[in-house]
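Here's the structure we're looking at; comments come further down.
Atoms within each ligand, like the ligands themselves, are counted from 1 in listed order.
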Amino acid sequence: MAKTKLKKFAELDTLTNVIQPDCQNISENYHLRGHWSRAFFRNSNPLVLEIGCGKGEYTVSQALECPDKNFIGIDIKGERLWRGAKTSLENDIRNTAFIRVQAQKLEYFFGKDEVSEIWITFPDPQLQKPKIKKRLTSERLLSVYKNILTPEGVVHLKTDNEIFFDYTEELIKASGYNILSICRDIYNNKHKVEPIVTKIMTYYEEKYVNQNIPINYLKFSFK
Ligand SMILES: C[S@@+](CC[C@H](N)C(=O)[O-])C[C@H]1O[C@@H](n2cnc3c(N)ncnc32)[C@H](O)[C@@H]1O
């Protein structure tokens, strides 16, 4: 493994805004489950998750944009999370945290009705048939999101991938969930989405926009 990667892994354990659970011992009794805002952020602000946050630029930028919300970036790749966590600490951004864990394990970390918003930003599309269950909008994960979201909670999806987008739209409709906003090619239709949707770009989003690849957006709830 490259030296810098090893250094980041070692440093991750020392960062106060990073949680790296021991995957073998994850249980529903995780001490912050159900108490994130009060026990970790020391306030009662709404909790927002970014799933597959990569280097966390979006989580960090949203946290700066909305100081009255708490943001948690989730990713399985430690060396990516490291960047967002370091930036937050270096800039004293106190309304962010990062958890290195698979989205499939979210229920162990968040209690029922604990989360107000979920952002799924440029997820790996998992196009091969055997991998469909790994999609971050799979049937199983949707039921996890439904359980941890408040009754008014919403999920936002941003993706460049048409197949992933169509799959999610169809699944939401077939499951009887509620599409609140849908917009293809948001940067040529900015007036059709809330300002926050186009105000901040993720790392991947910026790359795609520079290549003139359309970005699609879906907002849904489970009501
Ligand atoms: C294409 S990158 C997008 C990163 C960032 N959201 C962006 O837009 O720049 C997808 C990210 O999802 C993470 N990821 C993939 N499957 C995941 C899972 N099951 N649980 C948590 N993170 C996952 C990957 O490690 C990767 O960092």
message = Heavy-atom contact check, 4.0 Å cutoff: does Pro123 meet ligand 1?
response = no
task = Just jot down the ligand 1 atoms closer than 4.0 angstrom to any heavy atom of Phe122, in number order.
result = 1 (C), 2 (S), 3 (C), 8 (O), 10 (C)
request  = Please state whether Lys77 comes within less than 4.0 angstrom of ligand 1, counting heavy atoms only.
outcome  = yes
query = Which of the atoms of ligand 1 are close to Glu50, meaning less than 4.0 Å from one of its heavy atoms?
reply = 6 (N)
Partner of Leu149 by side chain to side chain contact (heavy atoms under 4.5 Å, CB included), out of Asp113, Val144, Ile118, Leu49 = Ile118
remark   = The ring-ring contact (aromatic ring centres under 6.0 Å, His included) partner of Tyr58 among Tyr203, Phe122, Tyr204, Trp119 is Trp119
inquiry  = For atom 23 (C) of ligand 1, what's the nearest protein heavy-atom neighbour? Residue, atom name and distance, please.
reply    = Ile76 CG1, 3.7 Å
ask   = Of the choices Ala103, Gly54, Pro125, which has the non-hydrogen atom that lies closest to atom 21 (C) of ligand 1?
value = Ala103
request  = May I ask whether Leu136 has any heavy atom positioned less than 4.0 angstrom from an atom of ligand 1?
outcome  = yes
note = In this structure, atom 25 (O) of ligand 1 is nearest to the protein heavy atom Asp75 OD1, 2.6 Å
ask   = Within the side chain of Asn189, is there an N or O that forms a donor-acceptor pair under 3.5 Å with the backbone of Lys192?
value = no
remark   = Numbered in order shown, the ligand 1 atoms found under 4.0 Å of a heavy atom of Gln104 are 19 (N)
task = Under 4.0 Å from a heavy atom of Thr202: give me the atoms of ligand 1 that qualify, with their elements.
result = 7 (C), 8 (O), 9 (O)
query = How close does the nearest protein non-hydrogen atom get to atom 10 (C) of ligand 1, and which residue and atom is it?
reply = Asp124 OD1, 3.5 Å
query = Which class fits the ring pair Phe220 and Phe222: parallel under 30°, tilted 30 to 60°, perpendicular over 60°?
reply = perpendicular
note = In ligand 1, the atoms that come under 4.0 Å of a heavy atom of Gln102 are 20 (N)
task = For Lys173 and Glu169, run salt bridge (Lys or Arg N to Asp or Glu O under 4.0 Å): C-alpha distance rounded to whole Å, both residues' side-chain angles, the deciding distance at 0.1 Å, then the answer.
result = CA-CA 6 Å; Lys173 286 180 178 163; Glu169 181 189 354; 2.7 Å; yes
query = Cationic tip of Lys158 within the cone over Tyr217's six-membered ring, i.e. under 6.0 Å and within 45° of the normal?
reply = no
task = Enumerate the atoms of ligand 1 whose separation from the nearest heavy atom of Tyr203 is less than 4.0 angstrom.
result = 9 (O)
query = Does the Glu114 side chain pair with the main chain of Gly34, one donor and one acceptor, at a distance under 3.5 Å?
reply = yes
inquiry  = Against the six-membered ring of Phe110, is Arg33 placed for a cation-pi contact (under 6.0 Å from the centre, within 45° of the normal)?
reply    = no
query = Which ligand 1 atoms are under 4.0 Å away from a heavy-atom of Arg80?
reply = 24 (C), 25 (O), 26 (C), 27 (O)
query = Lys134: heavy atom below 4.0 Å from ligand 1, yes or no?
reply = no
task = Begin with the C-alpha distance, continue with both residues' side-chain angles, and end with the deciding distance and a verdict on side chain to side chain contact (heavy atoms under 4.5 Å, CB included) for Phe71 and Cys66.
result = CA-CA 9 Å; Phe71 291 85; Cys66 310; 4.0 Å; yes
request  = List the closest protein heavy-atom neighbour of atom 5 (C) of ligand 1: residue, atom name, distance to the nearest 0.1 Å.
outcome  = Gly52 O, 3.5 Å
ask   = Passes side chain to side chain contact (heavy atoms under 4.5 Å, CB included), Glu11 versus Lys86? Steps please.
value = CA-CA 10 Å; Glu11 197 179 356; Lys86 281 288 273 187; 2.7 Å; yes
